Amino acid sequence: MNIGIVGLGLIGGCLGLDLRAQGYKVFGVSRRESTCQQAIALGVADQASVDLAILAATEVIFLCTPLAAILPTVEQLIPYLSPNTVLTDVGSVKAPVVEAIAPLWSNFVGGHPMAGKTDSGIEAAQLNLFALKPYVLTPIATTPAAAVEVVEKIARSLQATIYHCRPEEHDRAVSWISHLPVMVSAALIAACMSETNPDVLVLAQQLASSGFRDTSRVGGGNPELGMMMARYNRQELLRSLQHYQHHLEVLIDLVEQENWIALKQQLESNHLVRSYFIDE
Ligand code: NAP
């Protein structure tokens, strides 16, 4: 099967490496010619071009550009597609993407592989990024079952675990576990940098270890991705940030009141419920 990938960055690059390893023939399109050449050199694509016309021979196309470029890409891509071509995207927000693309292309399946790294761009591409990670598909009532099956089969070949949900449910759920953590982690880094004693700031930077690495990773990642998550999932992100603000205020109150018993109870509850989200 011939598979197209538009946007040869971190996610598009990782997909290309895995799909070629599965025996699929991969045709890549990216914005810069230099990225296309890198894609060939790194083994991300069999052929790569800045011209969408290269995708005319593909049966399935993964849209892996930043969120703002997905709709303009589909509009430019349509003249090259045959009616059976299946389009799917990997965008981190689903409702606005599905609402925009589904009326333009019936064989469109919204998707989101839940895997990432701090680094971005094709240089950060690696094999097996999606293995044992969730891969969410968000078909709607008009999405053909055959198109869903095609995307699901490819996602399974990446060793990912498939989930189906409505685009709006996806956006609310990922706001809690992905988009809110990016903002919380960004605020943590900014707060640390507000230390006014330069000697203490340097000492903190020297002492930073695994705890800071874990908690700062997503807030110190791809700035464009973080901004796009906020822009496209604004309502859900604001809702989760407001809940977070409330819980932060509760913790501040407990510390101010030296209510160590209640604080410990809260931390004990957190220790227990964390395992409902993450298995370690
Ligand atoms: P990335 O590393 O910055 O890659 C995006 C690539 O898209 C860029 O390298 C750029 O390539 C290319 N591009 C930009 N505009 C384009 C256009 N108009 N046409 C063709 N190519 C274009 O970003 P990413 O992390 O892979 O994210 C890509 C998508 O995956 C986003 O929609 C994001 O929401 C989603 N996603 C990201 C993660 C994550 O954690 N990183 C996880 C899951 C899903 P050039 O080098 O050619 O300019």
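Not measured: the values here are computed from a predicted model. All ligand and atom numbering here is 1-based and tracks the order in the structure.
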Where does ligand 1 get N/O contacts under 3.5 Å from the protein, atom by atom?
unit_1, atom_1, unit_2, atom_2, d
ligand 1, 2 (O), L10, N, 2.8
ligand 1, 2 (O), G121, N, 2.7
ligand 1, 11 (O), S30, OG, 3.1
ligand 1, 21 (N), R31, N, 3.4
ligand 1, 26 (O), L10, N, 3.2
ligand 1, 26 (O), I11, N, 2.8
ligand 1, 32 (O), T65, O, 2.8
ligand 1, 34 (O), S92, N, 3.1
ligand 1, 34 (O), S92, OG, 2.6
ligand 1, 36 (N), S92, OG, 3.4
ligand 1, 46 (O), R32, NE, 3.2
ligand 1, 46 (O), R32, NH2, 2.8
ligand 1, 46 (O), T35, OG1, 2.6
ligand 1, 47 (O), S30, OG, 2.7
ligand 1, 47 (O), R31, N, 2.9
ligand 1, 47 (O), R32, N, 2.8
ligand 1, 47 (O), T35, OG1, 3.4
ligand 1, 48 (O), R31, NE, 2.9
ligand 1, 48 (O), R31, NH2, 2.8
ligand 1, 48 (O), R32, NE, 3.1

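- Salt-bridge check for K153 with E149: failed, with every basic side-chain N at 4.0 Å or more from each acidic carboxylate O.
- The environment of L272 atom CG is dense: over 12 non-hydrogen atoms of other residues, nucleotides or ligands sit within 6.0 angstrom.
- Q159 and K133 share no side-chain donor-acceptor pair at under 3.5 Å.
- Counted by atom type alone, Q22 and D18 present zero donor-acceptor pairs between their side chains at under 3.5 Å.
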With a 3.5 Å cut-off and sequence neighbours excluded, list the donor-acceptor pairs that the side chains of residues 246-257 form with protein atoms.
none

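- For L207, the CG atom sits in a packed shell: over 12 heavy atoms of surrounding residues, nucleotides or ligands are nearer than 6.0 Å.
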